[in-house]
Amino acid sequence: MAETSQLTRNIESYVDSSSLMHQTASLNAIARLVNTDALPLQALVRELDMYLTTTDKVVRSRGILLLAEVITRIESKPLDSAIMHSLVGFFKDRLADWRAVRGALMGCLALIRRKSVVGIVTGSDAIAIAQSFLQYMQVQSLGQYDRKLCFELLDCLLERHSDVLTTLGEDLIYGICESIDAEKDPECLLLAFHIVESLAQLYPDSSGLLASYAKDVFDILEPYFPIHFTHPSSGDTHVQRDDLSRSLMSAFSSTPLFEPFVIPLLLEKLSSSLQSAKIDSLKYLRVCSSKYGAKKIAKYARAIWPSVKDTLCTYLGEPEFSFTVAPVDGIGFPENEIVIEALFLLQQLIVQNSSLLVSLIIDDEDVNQIFKTIAAYEIYDAIPVQEKKKLHAIGRILYITAKSTMPSCNAVFESFFSRMIDHLGFSVSNIDSFPSGDIFNSQRVKFGCLYLCIELLAGCKELIVGSDEPAMQNVFEQETCCTMLHSFSTPLFNAFGSVLAASADRCPCDPDIYIGVKGLQILATFQSDVFPIHKTIFENILKKIMSIIIEDFNKTILWEAALKALCHVGSFVQKFHESEKATSYRSLVVEKIVELLSLDDIVLPLSLKVEALSNIGMTGMKNMLTILQGLGTAVFANLSKVHRNLRASETAVQLLECYSCKLLPWILENGGTEDFAVQFSVDIWNQAGNCMDFSAPFIKKELLDAIIKAMKLSVGSCAVESQNLIMQKAYGILSSHRDFQLKEVETLPLTPGTFDIALREERIISLFASVIIAVHPKTHIPNIRALVHLFIITLLRGVVPVAQALGSILNKLVSTSNSAENSSDLTLEEALDVIFHTKICFSNTDVLQRCNGTSNGNAMVLTDICLGIANDRLLQINALCGLSWVGKGLLLRGHEKIKDITKIFMECIVSGTKSALNLTKHSLENTEEQIQDPSVMKCAADAFHVLMSDSEVCLNKKFHATIRPLYKQRFFSSVMPIVLQLVTKSYSSLSRSFLYRAFAHIMSDTPMVAILGEAKKLIPVLLDCLSMLTEDIQDKDILYDLLLVLSGILTGKNGQEAVIENAHIIINCLIKLVDYPHKMLVRETVIQCLIALSELPHARIYPMRAQVLRAISACLDDSKRAVRYEAVKCRQTWASMSSRSLNF
Amino acid sequence: MVSGLINANPVIYERKERRARTTPSAPHDEYAVEPIDQQEIFDHIRDIKDPEHPYSLEELKVITEEAVEVDDQRNYVRVTFTPTVEHCSMATIIGLCLRVKLMRSLPLRYKVDIRVAPGSHATEAAVNKQLNDKERVAAALENPNLLDMVDECLAPSYD
Amino acid sequence: MTELKEIQRLEGHTDRVWSLDWNPATGHAGIPLVFASCSGDKTVRIWEQNLSTRLWACKAVLEETHTRTVRSCAWSPSGKLLATASFDATTAIWENIGGDFECVSTLEGHENEVKSVCWNASGTLLATCSRDKSVWIWEVLPGNEFECVSVLQGHAQDVKMVKWHPTEDILFSCSYDNTVKVWADEGDSDDWQCVQSLGEPNNGHTSTVWAISFNAGGDKMVTCSDDLTLKVWETENKGMQSGGGFAPWRHLCTLTGYHDRTIFSVHWSREGIFASGAADNSIRLFVDDNESQVDGPLYKLLLKKEKAHDMDINSVQWSPGEKPILASASDDGTIKVWELIP
Amino acid sequence: MDDLFDSSLNLEDTHYKEGYDEGYSYGLDTGKEEARQVGLKVGFEVGEELGFYRGCVDIWTSAIWFDPTCFSPRAKTVIGQMEELIQKYPLMDPENVQVQEIMDNLRLKFKMVCSSLHVKLEYNGYPKSSTEANGIQF
């Protein structure tokens, strides 16, 4: 009993509670009861009885609505047919009760929507619902929501019970027309259109019932076209214009019965000036014609064709005569929806009934007139604007026609192609005496014709390529278009050639060049089994283009066009395995290009040579290998000449650059073999070996750098075995060198003085270092211990690559801990021991004397030098710099030792140099301040940049470094506390400033996530750091990086409460930065930060408002535009914080 | 609300797509000055929404880039706008929006004149006089109803 | 070489400063010079000169009475009362009670923004004007009571400023309708009428007239306008003393080409120099030109001060003190005090 | 015999005439009706406003009657003037040229009284222009 009373309460609250929340709550409660069988539906109905039948209209409607809602909520609960039937009976009757109409509709809808497994409405019941709907509903007199329900109901009925509904016949059609007539609401319309569509499917046959009503139905749809959508896009309705347009389109095209009304309408609207109307008309026309079928559309073709033509003439833009943007074949035009649709439509029509359209096109007077007039112009710019537009339009039309179907293609070729050739005036007769590649009878060429030719050829080509079943291909051969092409290839070639030839004397405008080159390219890129152009012609084409490459390099456009074309041809030949053409290509292009490298006499500038070289190489692996060989020989040829002429070394540098930056990467990503890379590096070593006596090539710094780079990349790209090979070679050269024996190096303690390394050995060593840098961990490094020694000494001379090599060694060495597969003869631990505990003594330098004071006599270890005990600034700086790379190597693999190394850097930053201190104890005039040497401290601070930043030159994925995940985070969390603590201890202002510098380096390379966690602690320091960095212009980039970190914190979610806490100091700091003069990006970012800050709780930041606004209004007058734009935004967000009074 | 419009269905024009700046006149020179120019000012006002349509002033051709005259040396800007219909009583509101947006976007040194295009409005002189009476404008901006209206129109021009 | 020397730049207002008024009872007998300024920040500030440093400092801020911009302020001849007119449609009367100021009365009646307020010579009458096109005359009754004497309707537009004649009870008002109107009480029965209207026909201004000022003698009047001109008008003096009816004003001369944006303010000093301040950020000083006696006294530019402020100048006022001191108020939120060095 | 066709011969004319007459009479009625509506509206508005002032004046005068010193003499005179104006308002002939002038004068006097009595009374019955209504005028 309690049950029911509860139930009654729920019902009560649903029926007359005003709060929506209560209603839904109680509704859900009831639905749950029913769903869980706690309350049988019958019981509910009985309980509701009074509400469903009362004369109080409000209560009644609510009651019925309740029942309906419940039914909706139990859609997955099985109901037996009897209940279904009675429910249907009830709700369909209520449709008559307009006060309760919503409930009734919702009920019917819910029932109709039920899935078959849970019991569905029977056909007869469906009919019954439909009938009473048609009888009682005055849809357009209802509100938006109810109307929507009505349409959903209709829609659903038509979908689920089309079979039975047919029997309703006229009534149904009438009813539907009546209910959708003059509907305005977008959501309802969406449904209405769909209803019409389904209605059409209901009576498909042309003699059927709908036939007689088609007009009436369409009269209702007509006014909606074209959809004019005035609702603000941001409005509550989510329906967009496109949705409406699309569904209206499917309604239009739903049945051929509409054809007599639709097509005329569309044609009329097509002539309207409104963009959207045009586009829609074209779309609709296309879809309708495909739906209605060729026969029905045929009679309109005559009407459609001209309007399509005109549309094209008016809306087609100026073609883009450039190889960078245009498609491979054909001519590129700026995107324009109207044009695209128009062409689609045209294609559709042609596909549908080719012969008719083609005849229209062929007989069209505009088209023919084109051939008479425009074809006559010789250069593009001579053509008047209007004519140009026509030309382009007709061009596109021919293109589409050719591309659509084989018959249409043949047809246009037959009727136009020969005519054009005649126009061109290159008689077919001289077919057997074609001129060789570069001699052209300089007769004027008719641009118009060529232009149209291109379009035709492009179309034809796409047609052929498009149908890619090989069986077809030999069929094409017989096709008219192909045979014609075949017979006209010579004149075409001559024609295109002459354009360019003509360009030799009077420099033609870009379009002409474009056309010429494009033409040649297309000619050359027809598959030979379809259109076997004569081998000689193909070769002539190549020759012609090559001649441009070689001679016309000062006509930039022409030259680039030619190169592009060459590449297209090249990749085409590769793609379609045109063996014959391939051979010609290789001999005429690839080898020629290579040849060019060796010829110094020809004028073509090297930079262009290289460009051509690389581009052509990239057309295919085979070509690439040839090119590489050529390049290799050229490089070494030049290297051997270096000492004789300077240009040689410059050449070498350029070639090497090309190799490292263009060719090598290409090979790698195109799965090429490493053979060349190996060979190349070995050869370089040979070269190095040879030039030991006169080390010319290695004298020039930039040349050496180029070689090192090439070496690294080559080695890095090889597998272990090959690397071993190279390593052997390199080591051989290094050790075979007579000036110093690696043996000596091993004699301890290290005494740099004893073998004073000459500059050229230094160079050789750095070259060797580059190999070390690039090798795999597994690659075997011979006599590694000695090498380490050698490196330490060289490192002290400030040879950075060596330091990097040392870092790489440490990074890759196997540690004793997992000595299982310990291949190398030196473990990590040993190496560390060597580096940090080998005594280095200075025999001949005056360092000796200075060291007397120190405990460990005249021999000291690397770290001592770092701390400046040698009291030789330069030495100390070199050592620090070297140490930083060593550290990096360890840091990446996450080795503990890094801690000690960082300590050393810190030491140098805070207290400058130790020994200097002890030394000058007794000399009065020296106070600590003066001892601190900025250059040393700076070096130490910047070491952190080396440690943290990702390096391009070494210790990265490319060079097989072992990189421990999250190493940056780890380092950050271990070092940052120390830094912060040191900062708080007040050292000299100098050392603090360098601490900040280090801080900045660490911060700007640490991942945000790590920083956000610590934000609270970091922000204050970060701000001081920022203001410190503003003092020296040199630091502007560091400043910017750090600023980015701050903005990261501001925008990051986790940073928030830290930010809120420090809002005031942050804002103060930023305000000081808004006019930082030396870097625009700084100012811009600062302002963006301020914008971000305006998001904070206003109570917190409001006090700063006036201050910020004052600062920002100055930024409105910044010298840079970008800053001003940001300032406007920022000013707005801050000003609008107190909704009112923005003025002034 | 649609019924209340003074100009129920205006002609809408293509908005010309934002001309991407040929990146800072001197990208590398940090100190080179980029003077405030026509396009910059147009960018400030193009997206202001018409008080009674969901379209921007640009889309309605109420303002065009050519209608902005600027002289950065002499700190002077003049914007000439063309109300959609001759008797558009919203002309003053539109003008007010333009003035406010520029007031909030330009350096203080600037003097701004706003006027309706000659012959484009029935009470041309009156409108111009009102828009350039700073006392009237100041008073207007203290009127909550007006300010709300203006802010609503300006909103889209800030993002 | 005469020059206008900037003595001090006063900051404090957080929005544009609309106008200022010197306390007439200060600047002599050892009483430090005092003036009041009012601003878009809804406040009025009282500035007093420090006799030792000769510099001004803000003595008091009058706020939380007006809810919108305070457009103008005026001291009563006695210097005891200060009247402030605001866009909130009210006029407030403040009394200086032992240094701090109390709002002793608010005058309500205008439909919208009140734009100017002015006391007559004897301090018995007060005039206000508003965008509602009307000018109100109030009588000052004992106990800070103010009663509306008459509402003058004649202007077709927004009335920008009201000014009493320095000696007579004749009221002048200038308006957005380009005219200056003269009002007098015909047969003292509260029956004020417009006795003269100076508009384009009598070669008056062709755009909004922003301000009016009289020479010491009261026989000359200068007006400034949005039409970028200053106009000087004159009348016979005797006509007035004899009280026999009203002596009409006529156009004397027009000064053009001195400012290239709206002239918002003009003020005539006792020494016969009148200053003008305009939206071109500059100040101009004029004196009569004794040389050119060709046809009546004309006026020549004495001095021009470009970039006197960073933005529009809304008000220029000569101090009552011995020294020729000028104060100027501007949109840039500052007030500047200048001294004219002869 | 022939009159058999008459009707059908001048069918057009008769139809035209009937149509015209119907149209005319209809126009007449609706025109009247419309005019009546407008009259009602305007009349009501004027009446309402006058009534409002009437009421105020009555209260004030009665107040004066109880205590002649309660208002300043000036106020009293103005109230008197209002009285006269209301008296002489030509209710019965709307064509009268004075109508507007009197009404304006009344409103003015009313404002004066209110200000000198320091009371915030406003008659907000009479229609304002749309822009004024939504307060976007400046």
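All values below come from the heavy atoms of this structure, side chains included, with hydrogens, waters and symmetry mates left out. Throughout, protein chains are lettered first and strands after them, A, B, ... in sequence-line order, and every chain is numbered starting at 1. Note that this is a predicted model, so its numbers are computed, not measured.
- Contact annotation for B:A126: only backbone heavy atoms (N, CA, C, O) come within less than 4.5 Å of a heavy atom of chain C.
- Legend: salt bridge (Lys or Arg N to Asp or Glu O under 4.0 Å) pairs involving residues 122-135 of chain B, not counting sequence neighbours, sorted by first then second residue: B:D133-C:K160, B:K134-C:D312, B:K134-C:D331, B:E135-C:R71, B:E135-C:K115, B:E135-C:K160.
- The contact between C:F264 and chain B is made entirely by side chain atoms (from C-beta outward), counting heavy-atom distances below 4.5 Å.
- Residues of residues 128-138 of chain C lying under 4.5 angstrom from chain B, judged on non-hydrogen atoms, are C:R131 by number.
- Electrostatic pairing of B:D113 and C:R261 counts as a salt bridge here, judged by a charged N lying under 4.0 Å from a carboxylate O.
- For the ring-ring contact (aromatic ring centres under 6.0 Å, His included) test, no residue two or more places apart in sequence or in another chain qualifies with B:F81.
- In this structure a side-chain-to-backbone donor-acceptor pair under 3.5 Å is missing from B:R99 to B:V137.
- Note: C:D158 leads C:D310, C:N281, C:D158, C:T67 in heavy-atom pairs under 4.5 Å with chain B.
- Partners of C:E64 under the salt bridge (charged side-chain N to carboxylate O under 4.0 Å, His left out) rule, at least two apart in sequence or in another chain, do not exist in this structure.
- Counting only distance, with no hydrogens or angles, the side chain of C:S72 and the backbone of C:V117 share a donor-acceptor pair below 3.5 Å.
- A donor-acceptor contact shorter than 3.5 Å links the side chain of B:N132 to the backbone of B:N128.
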